[in-house]
*Asks:* 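What follows is a single structure, and I will ask about it in a moment.
The model shown is predicted, which means the values in this text are computed figures rather than measured ones. Worth knowing before you read on, the calculation uses all heavy atoms, side chains too, and leaves out hydrogens, waters and symmetry mates.
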Amino acid sequence: MRAPFLANKDGIQQMVHALFVRRAMAAHARSIGVADDPEIAAAARIAADKVISDAYLAKFNAQHTPDPKVIEAQVKAHYAANKDSMATPEEVHLAHILVKGKDDAAKKKAEKLLAEAKAGADFAKLAKENSEDPGSASRGGDLGFIARGRMVPEFEKAGFALSKPGEFAPVVESQFGYHVIKFIERKPSVPKTFEEARPELEKQFTQKALAAAREAEVEKVTEKAKFDEKALEAFLAQSKAK
């Protein structure tokens, strides 16, 4: 964005004006003693500490980025040992009709809709006219592809038990009501190739190495620090008194 911004005279002028106003207001505030207020001074110190420490951490990370060869070796070893578990999850493409309620009337309505669907009625039309799930009713009940863990257990169990396109599950009761579930297709789990898995694994191992380095640095700069228990107790007592 630098080139188009620098080519925009009005934009630069607006930015400079905003910076000047901010700086001028701060200077005026200091002249009338605002910066001397203990709370303001503490906030300013905290803000400055954040800017400086963040800059230091950015520099620290750049200096402690692990050797790419080391990361490469870790990634290859991890992939070789865990490639079976690194796969896209199995997913099923389902459509459903939701009939809200827990009474016999709701169950009978769901069973009636299931019978109509099995008899050849247009499922999408049935869903649009009867489903009480606003998120999918307008799409003819289509829920798209669903991985495990996305739906309530009763619904998931029934949906993943289906296998033939156009197959229906028996009416399923869940906390939302009664469901008529139609199976459309299944997308099997597919193992990731090394090249597919590499970017995320490189990121994970790099972050892990940097986190360990930062933790060691924190221990180094705080090794002589001791928590002031008396000050903590006094602070808690003061807070309770309020």
Side-chain angles (χ1 to χ4, degrees), residues 1-82 85-86 88-89 147 149-150 192-242:
M1 297 298 293
R2 179 182 293 272
F5 176 75
L6 292 177
N8 182 351
K9 180 181 177 181
D10 290 341
I12 294 174
Q13 189 170 2
Q14 289 173 10
M15 182 189 74
V16 171
H17 177 72
L19 288 171
F20 176 78
V21 168
R22 174 76 69 178
R23 184 168 295 181
M25 288 180 67
H28 176 65
R30 290 189 186 93
S31 72
I32 62 174
V34 172
D36 298 328
D37 181 285
E39 289 188 9
I40 301 301
R45 186 169 61 251
I46 290 169
D49 286 347
K50 182 180 187 308
V51 170
I52 295 170
S53 62
D54 283 352
Y56 172 70
L57 282 176
K59 184 177 181 180
F60 181 89
N61 288 346
Q63 294 173 338
H64 291 80
T65 298
D67 186 336
K69 292 181 180 179
V70 173
I71 296 297
E72 177 79 3
Q74 292 175 329
V75 167
K76 286 182 176 179
H78 183 85
Y79 179 80
N82 299 278
S85 63
M86 289 187 289
T88 59
R150 291 268 309 279
K192 289 184 179 180
T193 66
F194 176 71
E195 290 305 320
E196 290 172 333
R198 182 204 290 264
E200 182 60 30
L201 290 176
E202 286 179 342
K203 181 180 178 181
Q204 289 178 14
F205 280 101
T206 299
Q207 290 179 340
K208 184 177 180 181
L210 286 173
R214 287 195 296 266
E215 185 176 345
E217 184 70 1
V218 169
E219 291 179 0
K220 177 182 174 182
V221 300
T222 60
E223 62 182 348
K224 295 182 179 180
K226 293 182 180 180
F227 212 103
D228 190 332
E229 294 291 341
K230 290 183 178 179
L232 174 60
E233 292 298 331
F235 175 79
L236 293 174
Q238 185 180 31
S239 299
K240 289 178 181 178
K242 292 180 180 180

*Asks:* State, to 0.1 Å, how close Thr193 and Glu196 come at their nearest heavy-atom pair, and which atoms those are.
*Replies:* N-OE1, 2.9 Å
*Asks:* Which heavy atom of Ile12 sits nearest a heavy atom of Leu6, and at what distance?
*Replies:* CD1-O, 3.5 Å
*Asks:* To the nearest 0.5 Å, how far apart are CD in Gln14 and CG in Asn8?
*Replies:* 7.5 Å
*Asks:* Between CG of Leu201 and OG1 of Thr206, what distance do you get to the nearest 0.5 Å?
*Replies:*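 Answer for the CG-OG1 pair, Leu201 versus Thr206, is 10.5 Å.
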*Asks:* Quick check: are there more than 12 heavy atoms from other residues, nucleotides or ligands sitting under 6.0 Å from CD of Gln13?
*Replies:* no
*Asks:* Go through the steps to decide whether Glu229 and Leu232 satisfy the test side-chain contact (heavy atoms from CB on, under 4.5 Å), and finish with yes or no.
*Replies:* CA-CA 5 Å; Glu229 294 291 341; Leu232 174 60; 3.9 Å; yes
*Asks:* Looking only at atom types and distance, does a side-chain atom of Thr222 sit under 3.5 Å from a main-chain N or O of Ala225, one as donor and one as acceptor?
*Replies:*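 Answer holds: no.
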*Asks:* Atom CD in Gln74, atom NZ in Lys76: separation rounded to 0.5 Å?
*Replies:*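 Between Gln74 CD and Lys76 NZ, I get 13.0 Å after rounding to 0.5 Å.
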*Asks:* Other residues, nucleotides and ligands only: do more than 12 of their heavy atoms fall within 6.0 Å of CZ on Phe235?
*Replies:*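 Atom CZ in Phe235 is not crowded, with 12 or fewer foreign heavy atoms closer than 6.0 Å.
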*Asks:* Using every non-hydrogen atom in the two residues, find where Lys192 and Tyr79 come nearest and quote the distance to one decimal.
*Replies:*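 The pair with the smallest heavy-atom distance is O-OH, 2.7 Å.
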*Asks:* Ignoring hydrogens and angles, write down the donor-acceptor pairs under 3.5 Å from the side chains of residues 18-47, residues two or more places apart or on other chains.
*Replies:*
| residue | atom | partner | partner atom | Å |
| --- | --- | --- | --- | --- |
| Ser31 | OG | His28 | O | 2.6 |
| Asp37 | OD1 | Glu39 | N | 2.9 |
| Asp37 | OD1 | Ile40 | N | 3.3 |

*Asks:* Could you tell me how the ring of Tyr56 sits relative to the ring of Phe60: parallel (under 30°), tilted (30 to 60°) or perpendicular (over 60°)?
*Replies:*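 Tilted.
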*Asks:* Using the test side-chain hydrogen bond (donor to acceptor under 3.5 Å, both in side chains), find all partners of Glu72 that sit at least two apart in sequence or belong to another chain.
*Replies:*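 Residues passing side-chain hydrogen bond (donor to acceptor under 3.5 Å, both in side chains) with Glu72: Arg198.
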*Asks:* Are side-chain heavy atoms of His78 and Met86 found at a separation under 4.5 Å?
*Replies:*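 The answer is yes, as the side chains (C-beta and beyond) meet within the 4.5 Å cut-off.
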*Asks:* Check whether any side-chain heavy atom of Arg214 sits under 4.5 Å from a side-chain heavy atom of Asn61, and report yes or no.
*Replies:*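 In short, these two side chains touch, coming nearer than 4.5 Å.
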*Asks:* Report the distance from atom NZ of Lys208 to atom CD1 of Ile71, rounding to the nearest 0.5 Å.
*Replies:*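 Rounded to the nearest 0.5 Å, the NZ-CD1 separation comes to 10.0 Å.
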*Asks:* Just to verify, what does Lys220 make a salt bridge (charged side-chain N to carboxylate O under 4.0 Å, His left out) with, not counting sequence neighbours?
*Replies:* none
